[in-house]
Protein chains: 2
Amino acid sequence: MFDAERHNSCHMSDKCIRYKVCPMVLVQQLLSGKRKILILWYLSSKVLRFNDIKRRLPDVTQKMLTQQLRSLEEDNLIYRKVYPVVPPKVEYGLTDLGERIIPILEMMHGFGAEYLEIKSSENVLQRKASSDML
Amino acid sequence: MFDAERHNSCHMSDKCIRYKVCPMVLVQQLLSGKRKILILWYLSSKVLRFNDIKRRLPDVTQKMLTQQLRSLEEDNLIYRKVYPVVPPKVEYGLTDLGERIIPILEMMHGFGAEYLEIKSSENVLQRKASSDML
DNA sequence: TTTTATAGTATCTTTTTATACACTACAACC
DNA sequence: GGTTGTAGTGTATAAAAAGATACTATAAAA
(Lines give C-alpha, C1' and ligand atoms only; values in the text may rest on other atoms or scores of the structure.)
Protein backbone atom coordinates (compact mmCIF):
# COMPACT_ATOMS: atom_id res chain seq x y z
CA MET A 1 0.00 0.00 0.00
CA PHE A 2 0.74 3.59 -0.56
CA ASP A 3 1.98 5.08 2.68
CA ALA A 4 0.47 8.49 3.12
CA GLU A 5 2.68 9.48 6.01
CA ARG A 6 5.86 9.03 4.07
CA HIS A 7 5.46 11.90 1.72
CA ASN A 8 4.75 15.47 2.27
CA SER A 9 6.41 17.08 -0.69
CA CYS A 10 3.38 19.10 -1.58
CA HIS A 11 3.97 22.68 -2.72
CA MET A 12 1.63 23.79 0.01
CA SER A 13 3.80 22.18 2.64
CA ASP A 14 3.79 25.44 4.59
CA LYS A 15 0.07 24.87 5.11
CA CYS A 16 0.43 21.11 5.43
CA ILE A 17 3.18 20.98 7.96
CA ARG A 18 0.71 20.88 10.81
CA TYR A 19 -0.67 17.58 9.60
CA LYS A 20 1.09 14.26 9.66
CA VAL A 21 -0.47 13.40 6.33
CA CYS A 22 -0.57 15.76 3.36
CA PRO A 23 -4.21 16.74 2.81
CA MET A 24 -3.86 16.08 -0.89
CA VAL A 25 -2.56 12.57 -0.34
CA LEU A 26 -5.55 11.98 1.88
CA VAL A 27 -7.98 13.25 -0.75
CA GLN A 28 -6.33 11.07 -3.36
CA GLN A 29 -6.95 8.08 -1.13
CA LEU A 30 -10.54 9.04 -0.30
CA LEU A 31 -11.55 9.53 -3.91
CA SER A 32 -9.51 6.95 -5.77
CA GLY A 33 -12.02 4.28 -6.49
CA LYS A 34 -13.40 3.50 -9.85
CA ARG A 35 -16.83 4.88 -8.98
CA LYS A 36 -16.52 6.83 -5.76
CA ILE A 37 -16.83 10.28 -7.27
CA LEU A 38 -19.96 9.20 -9.10
CA ILE A 39 -21.53 7.63 -6.03
CA LEU A 40 -20.93 10.80 -4.04
CA TRP A 41 -22.35 12.81 -6.91
CA TYR A 42 -25.55 10.78 -7.05
CA LEU A 43 -25.95 10.97 -3.29
CA SER A 44 -25.39 14.71 -3.32
CA SER A 45 -28.83 15.28 -4.82
CA LYS A 46 -30.71 12.97 -2.50
CA VAL A 47 -30.70 9.98 -0.23
CA LEU A 48 -30.78 6.79 -2.28
CA ARG A 49 -31.43 3.13 -1.68
CA PHE A 50 -28.96 0.47 -2.73
CA ASN A 51 -30.71 -0.39 -5.96
CA ASP A 52 -31.25 3.26 -6.83
CA ILE A 53 -27.49 3.67 -6.89
CA LYS A 54 -27.02 0.43 -8.75
CA ARG A 55 -29.41 1.50 -11.47
CA ARG A 56 -27.39 4.68 -11.94
CA LEU A 57 -24.19 2.66 -12.35
CA PRO A 58 -25.24 0.05 -14.90
CA ASP A 59 -21.90 -1.66 -15.12
CA VAL A 60 -21.30 -2.31 -11.48
CA THR A 61 -21.91 -5.62 -9.78
CA GLN A 62 -23.62 -5.82 -6.40
CA LYS A 63 -20.44 -6.99 -4.80
CA MET A 64 -18.38 -4.12 -6.11
CA LEU A 65 -21.01 -1.56 -5.21
CA THR A 66 -21.26 -2.92 -1.69
CA GLN A 67 -17.50 -2.71 -1.41
CA GLN A 68 -17.30 0.88 -2.59
CA LEU A 69 -20.16 1.90 -0.31
CA ARG A 70 -18.55 0.27 2.70
CA SER A 71 -15.31 2.03 1.97
CA LEU A 72 -16.99 5.42 1.69
CA GLU A 73 -18.82 4.66 4.93
CA GLU A 74 -15.58 3.77 6.69
CA ASP A 75 -14.15 7.09 5.59
CA ASN A 76 -17.21 8.76 7.05
CA LEU A 77 -18.26 10.38 3.78
CA ILE A 78 -21.58 8.53 3.60
CA TYR A 79 -23.90 6.92 6.13
CA ARG A 80 -25.86 3.70 5.87
CA LYS A 81 -29.26 3.39 7.49
CA VAL A 82 -30.87 -0.02 7.71
CA TYR A 83 -34.63 -0.35 8.17
CA PRO A 84 -35.57 -3.64 9.82
CA VAL A 85 -38.23 -4.55 7.27
CA VAL A 86 -38.83 -7.25 4.73
CA PRO A 87 -37.84 -6.99 1.97
CA PRO A 88 -34.78 -5.15 3.25
CA LYS A 89 -34.50 -1.41 2.97
CA VAL A 90 -31.20 0.40 3.27
CA GLU A 91 -30.66 4.07 2.68
CA TYR A 92 -27.43 5.78 1.80
CA GLY A 93 -26.72 9.47 2.14
CA LEU A 94 -23.93 11.95 2.63
CA THR A 95 -22.68 12.64 6.13
CA ASP A 96 -21.94 16.19 7.25
CA LEU A 97 -18.38 15.56 6.22
CA GLY A 98 -19.50 14.14 2.89
CA GLU A 99 -21.64 17.20 2.19
CA ARG A 100 -18.55 19.36 2.28
CA ILE A 101 -17.48 17.68 -0.94
CA ILE A 102 -20.51 18.86 -2.89
CA PRO A 103 -18.96 22.14 -4.14
CA ILE A 104 -16.00 20.17 -5.41
CA LEU A 105 -18.28 17.76 -7.23
CA GLU A 106 -20.11 20.67 -8.79
CA MET A 107 -16.86 22.14 -10.06
CA MET A 108 -15.89 18.77 -11.44
CA HIS A 109 -19.15 18.61 -13.32
CA GLY A 110 -18.46 22.03 -14.75
CA PHE A 111 -14.98 20.98 -15.74
CA GLY A 112 -16.27 17.85 -17.42
CA ALA A 113 -18.72 19.91 -19.44
CA GLU A 114 -15.98 22.34 -20.51
CA TYR A 115 -13.78 19.42 -21.46
CA LEU A 116 -16.47 17.98 -23.67
CA GLU A 117 -17.11 21.37 -25.26
CA ILE A 118 -13.46 21.82 -26.10
CA LYS A 119 -13.03 18.31 -27.37
CA SER A 120 -16.07 18.53 -29.56
CA SER A 121 -15.03 21.86 -31.04
CA GLU A 122 -11.61 20.34 -31.75
CA ASN A 123 -13.29 17.50 -33.53
CA VAL A 124 -15.31 19.94 -35.55
CA LEU A 125 -12.08 21.69 -36.54
CA GLN A 126 -10.48 18.39 -37.40
CA ARG A 127 -13.39 17.34 -39.53
CA LYS A 128 -13.32 20.70 -41.22
CA ALA A 129 -9.57 20.46 -41.84
CA SER A 130 -9.80 17.01 -43.32
CA SER A 131 -12.76 17.90 -45.53
CA ASP A 132 -10.81 20.95 -46.74
CA MET A 133 -8.11 18.61 -47.90
CA LEU A 134 -10.37 16.72 -50.23
CA MET B 1 -14.66 -1.52 -19.31
CA PHE B 2 -17.09 0.91 -17.88
CA ASP B 3 -19.16 2.31 -20.72
CA ALA B 4 -19.55 6.02 -20.27
CA GLU B 5 -22.16 6.41 -22.97
CA ARG B 6 -24.53 3.98 -21.41
CA HIS B 7 -25.48 6.01 -18.42
CA ASN B 8 -26.70 9.47 -18.07
CA SER B 9 -28.76 9.28 -14.95
CA CYS B 10 -27.13 12.28 -13.38
CA HIS B 11 -29.34 14.69 -11.48
CA MET B 12 -28.05 17.42 -13.72
CA SER B 13 -29.27 15.60 -16.78
CA ASP B 14 -31.03 18.78 -17.91
CA LYS B 15 -27.57 20.30 -18.30
CA CYS B 16 -26.01 17.04 -19.51
CA ILE B 17 -28.48 16.20 -22.19
CA ARG B 18 -26.44 18.02 -24.80
CA TYR B 19 -23.54 15.68 -24.30
CA LYS B 20 -23.39 12.05 -25.26
CA VAL B 21 -21.40 11.35 -22.12
CA CYS B 22 -22.33 12.65 -18.70
CA PRO B 23 -19.63 15.14 -17.71
CA MET B 24 -19.36 13.57 -14.28
CA VAL B 25 -18.77 10.11 -15.71
CA LEU B 26 -16.03 11.63 -17.82
CA VAL B 27 -14.40 13.29 -14.81
CA GLN B 28 -14.56 10.04 -12.89
CA GLN B 29 -12.67 8.39 -15.72
CA LEU B 30 -10.10 11.17 -16.07
CA LEU B 31 -9.25 11.23 -12.38
CA SER B 32 -9.60 7.64 -11.29
CA GLY B 33 -6.05 6.49 -11.08
CA LYS B 34 -4.24 5.73 -7.91
CA ARG B 35 -2.03 8.80 -8.21
CA LYS B 36 -3.49 11.03 -10.90
CA ILE B 37 -4.85 13.70 -8.62
CA LEU B 38 -1.48 13.95 -6.89
CA ILE B 39 0.45 14.15 -10.14
CA LEU B 40 -1.77 16.96 -11.37
CA TRP B 41 -1.37 18.67 -8.01
CA TYR B 42 2.40 18.54 -8.15
CA LEU B 43 2.42 19.79 -11.73
CA SER B 44 0.06 22.62 -10.86
CA SER B 45 2.84 24.45 -9.03
CA LYS B 46 5.48 24.04 -11.72
CA VAL B 47 6.82 22.06 -14.61
CA LEU B 48 8.62 18.97 -13.37
CA ARG B 49 10.97 16.38 -14.78
CA PHE B 50 10.26 12.68 -14.53
CA ASN B 51 12.42 12.10 -11.50
CA ASP B 52 11.09 15.20 -9.75
CA ILE B 53 7.67 13.64 -9.85
CA LYS B 54 9.01 10.27 -8.85
CA ARG B 55 10.69 11.73 -5.80
CA ARG B 56 7.40 13.24 -4.70
CA LEU B 57 5.69 9.85 -4.99
CA PRO B 58 8.05 7.60 -3.07
CA ASP B 59 6.03 4.45 -3.47
CA VAL B 60 5.63 4.47 -7.21
CA THR B 61 7.72 2.43 -9.61
CA GLN B 62 9.09 3.94 -12.82
CA LYS B 63 6.88 1.76 -14.88
CA MET B 64 3.70 2.73 -13.07
CA LEU B 65 4.58 6.40 -13.12
CA THR B 66 5.24 6.24 -16.84
CA GLN B 67 1.88 4.59 -17.31
CA GLN B 68 -0.02 7.21 -15.33
CA LEU B 69 1.79 10.03 -17.11
CA ARG B 70 1.01 8.57 -20.52
CA SER B 71 -2.61 8.23 -19.59
CA LEU B 72 -2.84 11.84 -18.43
CA GLU B 73 -1.10 12.88 -21.63
CA GLU B 74 -3.56 10.92 -23.74
CA ASP B 75 -6.39 12.71 -21.99
CA ASN B 76 -4.68 15.98 -22.82
CA LEU B 77 -4.36 17.09 -19.21
CA ILE B 78 -0.57 17.18 -19.26
CA TYR B 79 2.09 17.59 -21.93
CA ARG B 80 5.41 15.85 -22.32
CA LYS B 81 8.37 17.70 -23.76
CA VAL B 82 11.45 15.73 -24.67
CA TYR B 83 14.81 17.47 -24.98
CA PRO B 84 17.16 15.62 -27.33
CA VAL B 85 20.08 15.59 -24.92
CA VAL B 86 22.12 13.02 -23.10
CA PRO B 87 21.36 12.10 -20.40
CA PRO B 88 17.70 12.38 -21.36
CA LYS B 89 15.59 15.29 -20.17
CA VAL B 90 11.83 15.18 -20.23
CA GLU B 91 9.57 17.82 -18.82
CA TYR B 92 5.97 17.41 -17.77
CA GLY B 93 3.50 20.21 -17.28
CA LEU B 94 -0.20 20.99 -17.36
CA THR B 95 -1.84 21.76 -20.67
CA ASP B 96 -4.34 24.60 -20.98
CA LEU B 97 -7.02 22.03 -20.34
CA GLY B 98 -5.15 20.65 -17.37
CA GLU B 99 -4.79 24.11 -15.85
CA ARG B 100 -8.53 24.37 -15.62
CA ILE B 101 -8.41 21.68 -12.96
CA ILE B 102 -6.25 23.73 -10.61
CA PRO B 103 -9.14 25.38 -8.74
CA ILE B 104 -10.64 21.95 -8.16
CA LEU B 105 -7.35 20.69 -6.81
CA GLU B 106 -7.13 23.66 -4.49
CA MET B 107 -10.58 22.96 -3.12
CA MET B 108 -9.64 19.34 -2.64
CA HIS B 109 -6.63 20.40 -0.65
CA GLY B 110 -8.85 22.58 1.51
CA PHE B 111 -11.27 19.73 2.00
CA GLY B 112 -8.47 17.38 2.98
CA ALA B 113 -7.26 19.85 5.56
CA GLU B 114 -10.77 20.25 7.00
CA TYR B 115 -11.16 16.50 7.09
CA LEU B 116 -7.96 16.12 9.06
CA GLU B 117 -9.00 18.89 11.47
CA ILE B 118 -12.34 17.25 12.14
CA LYS B 119 -10.85 13.80 12.51
CA SER B 120 -8.18 14.98 14.89
CA SER B 121 -10.65 16.90 17.04
CA GLU B 122 -12.81 13.75 17.15
CA ASN B 123 -9.80 11.79 18.28
CA VAL B 124 -9.13 14.35 20.98
CA LEU B 125 -12.73 13.94 22.14
CA GLN B 126 -12.40 10.19 22.03
CA ARG B 127 -9.21 10.24 24.01
CA LYS B 128 -10.82 12.59 26.50
CA ALA B 129 -13.90 10.37 26.80
CA SER B 130 -11.87 7.24 27.38
CA SER B 131 -9.63 8.90 29.93
CA ASP B 132 -12.76 10.20 31.71
CA MET B 133 -13.86 6.61 32.08
CA LEU B 134 -10.80 5.53 34.00
C1' DT C 1 -48.53 -21.41 -6.26
C1' DT C 2 -45.17 -19.21 -8.50
C1' DT C 3 -42.98 -14.97 -9.16
C1' DT C 4 -40.95 -10.54 -7.84
C1' DA C 5 -38.39 -7.57 -5.11
C1' DT C 6 -34.55 -6.13 -1.69
C1' DA C 7 -29.87 -6.09 -0.05
C1' DG C 8 -26.92 -8.43 0.40
C1' DT C 9 -22.97 -12.89 1.04
C1' DA C 10 -20.00 -16.76 -0.75
C1' DT C 11 -17.17 -18.88 -4.05
C1' DC C 12 -14.59 -19.15 -8.13
C1' DT C 13 -12.48 -17.26 -12.29
C1' DT C 14 -10.77 -13.57 -15.05
C1' DT C 15 -8.74 -9.15 -15.67
C1' DT C 16 -6.20 -5.42 -14.20
C1' DT C 17 -2.69 -3.40 -11.61
C1' DA C 18 1.56 -3.36 -9.50
C1' DT C 19 6.26 -5.05 -8.30
C1' DA C 20 10.97 -6.75 -8.99
C1' DC C 21 14.61 -6.91 -11.72
C1' DA C 22 17.43 -6.61 -15.72
C1' DC C 23 18.65 -3.82 -19.55
C1' DT C 24 19.45 0.50 -22.82
C1' DA C 25 22.29 4.97 -24.38
C1' DC C 26 25.65 8.23 -23.84
C1' DA C 27 27.80 12.22 -21.52
C1' DA C 28 30.17 13.75 -17.67
C1' DC C 29 32.61 13.04 -13.54
C1' DC C 30 36.22 10.62 -10.61
C1' DG D 1 38.48 2.75 -16.97
C1' DG D 2 34.72 2.46 -13.99
C1' DT D 3 30.72 4.88 -11.96
C1' DT D 4 26.74 7.91 -11.96
C1' DG D 5 22.52 9.88 -13.74
C1' DT D 6 18.34 10.19 -16.89
C1' DA D 7 14.12 8.37 -18.68
C1' DG D 8 12.73 5.04 -19.93
C1' DT D 9 11.41 -0.43 -22.00
C1' DG D 10 10.79 -5.57 -21.40
C1' DT D 11 9.81 -9.70 -19.06
C1' DA D 12 8.14 -12.43 -15.42
C1' DT D 13 5.67 -12.73 -11.34
C1' DA D 14 2.58 -11.44 -7.50
C1' DA D 15 -1.22 -9.09 -5.65
C1' DA D 16 -5.45 -6.68 -5.99
C1' DA D 17 -9.66 -5.59 -8.18
C1' DA D 18 -13.45 -6.94 -10.71
C1' DG D 19 -16.64 -10.16 -12.69
C1' DA D 20 -19.93 -14.17 -13.09
C1' DT D 21 -22.82 -16.96 -10.81
C1' DA D 22 -25.39 -19.03 -7.29
C1' DC D 23 -27.46 -18.47 -2.93
C1' DT D 24 -30.11 -16.37 1.33
C1' DA D 25 -34.69 -14.54 3.78
C1' DT D 26 -39.37 -13.09 3.70
C1' DA D 27 -43.46 -10.29 2.29
C1' DA D 28 -46.48 -9.12 -1.07
C1' DA D 29 -48.33 -9.30 -5.59
C1' DA D 30 -49.96 -12.02 -9.72
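Chain identifiers are assigned alphabetically (A, B, ...) following the order of the sequence lines, protein sequences preceding nucleic acid strands; residue numbering begins at 1 within each chain.
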Distance check needed: [N] [atom2] versus [X] [atom1], whole Å only.
X: Lys36(B); N: dT17(C); atom1: NZ; atom2: C1'; answer: 13 Å
X: Gln67(A); N: dT9(C); atom1: CD; atom2: P; answer: 10 Å
X: Met64(B); N: dT9(D); atom1: CE; atom2: C1'; answer: 12 Å
X: Leu48(A); N: dT6(C); atom1: CG; atom2: C1'; answer: 15 Å
X: Lys89(A); N: dA25(D); atom1: NZ; atom2: C1'; answer: 19 Å
X: Glu91(B); N: dT6(D); atom1: CD; atom2: P; answer: 14 Å
X: Leu65(B); N: dG8(D); atom1: CG; atom2: P; answer: 9 Å
X: Lys34(B); N: dA18(D); atom1: NZ; atom2: C1'; answer: 16 Å

Any [X] side-chain heavy atom under 4.5 Å of [Y] side chain:
X: Pro23(B); Y: Leu116(A); result: yes
X: Tyr42(B); Y: Asp52(B); result: no
X: Leu30(B); Y: Tyr115(A); result: yes
X: Ile118(A); Y: Arg100(B); result: yes

*Would one find a side-chain N or O of Asn51(A) under 4.0 angstrom from OP1 or OP2 of dA5(C)?*
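Checking dA5(C) against Asn51(A), no side-chain N or O comes under 4.0 Å of OP1 or OP2.
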*Do the side-chain N or O atoms of Arg49(A) get closer than 4.0 angstrom to the phosphate oxygens (OP1, OP2) of dA7(C)?*
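Looking at the OP1 and OP2 atoms of dA7(C), one of them is under 4.0 Å from a side-chain N or O of Arg49(A).
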*Classify every nucleotide of nucleotides 20-30 of chain C by which part a protein heavy atom approaches to under 4.0 Å, writing B for the base, S for the sugar-phosphate alone and - for neither, in 5'-to-3' order.*
B-----BS---
*Measure from the side-chain N and O atoms of Gln29(A) to the backbone N and O of Lys34(B), and report whether any donor-acceptor pair falls under 3.5 Å.*
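It does not hold such a pair.
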*Short question: side chain of Glu73(A), backbone of Ile78(A) - any donor-acceptor pair under 3.5 Å?*
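Pair absent, no side-chain N/O of Glu73(A) close to backbone of Ile78(A).
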*Mind listing the residues from residues 68-80 of chain B sitting with a heavy atom below 4.0 Å of DNA chain D? Number order is fine.*
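Residues of residues 68-80 of chain B under 4.0 Å from DNA chain D: Arg70(B), Arg80(B).
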*With sequence neighbours excluded, tell me which residues meet side-chain contact (heavy atoms from CB on, under 4.5 Å) with Ile102(B).*
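Partners of Ile102(B) under the side-chain contact (heavy atoms from CB on, under 4.5 Å) test: Ser44(B), Leu94(B), Glu99(B), Glu106(B).
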_Could you go through Tyr79(B) and Thr95(B), starting from their C-alpha distance and side-chain angles, then the distance that decides it, and tell me whether this counts as side chain to side chain contact (heavy atoms under 4.5 Å, CB included)?_
CA-CA 6 Å; Tyr79(B) 67 83; Thr95(B) 58; 4.1 Å; yes
*Reckon Tyr83(B) touches a base, only the sugar-phosphate, or nothing at all at heavy-atom distances under 4.0 Å?*
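No contact.
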*asked:* Tell me every residue that passes salt bridge (charged side-chain N to carboxylate O under 4.0 Å, His left out) with Arg49(A), counting only those two or more places apart in sequence or in another chain.
replied: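 For Arg49(A), no residue satisfies salt bridge (charged side-chain N to carboxylate O under 4.0 Å, His left out) once neighbours in sequence are set aside.
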_Within residues 75-92 of chain A or reaching into it, pairs that qualify as salt bridge (Lys or Arg N to Asp or Glu O under 4.0 Å) - sequence neighbours excluded_ =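 Output for this query is empty, none listed.
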*Lys36(A) and Ser32(B): side-chain donor and acceptor closer than 3.5 Å?*
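Per modelled atom types, Lys36(A) and Ser32(B) side chains form no pair under 3.5 Å.
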*Using a 3.5 Å cut-off on both pairing distances, which stems of three or more Watson-Crick or G-U pairs include DNA chain D?*
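Correct response: C:1-5 with D:26-30, C:7-30 with D:1-24.
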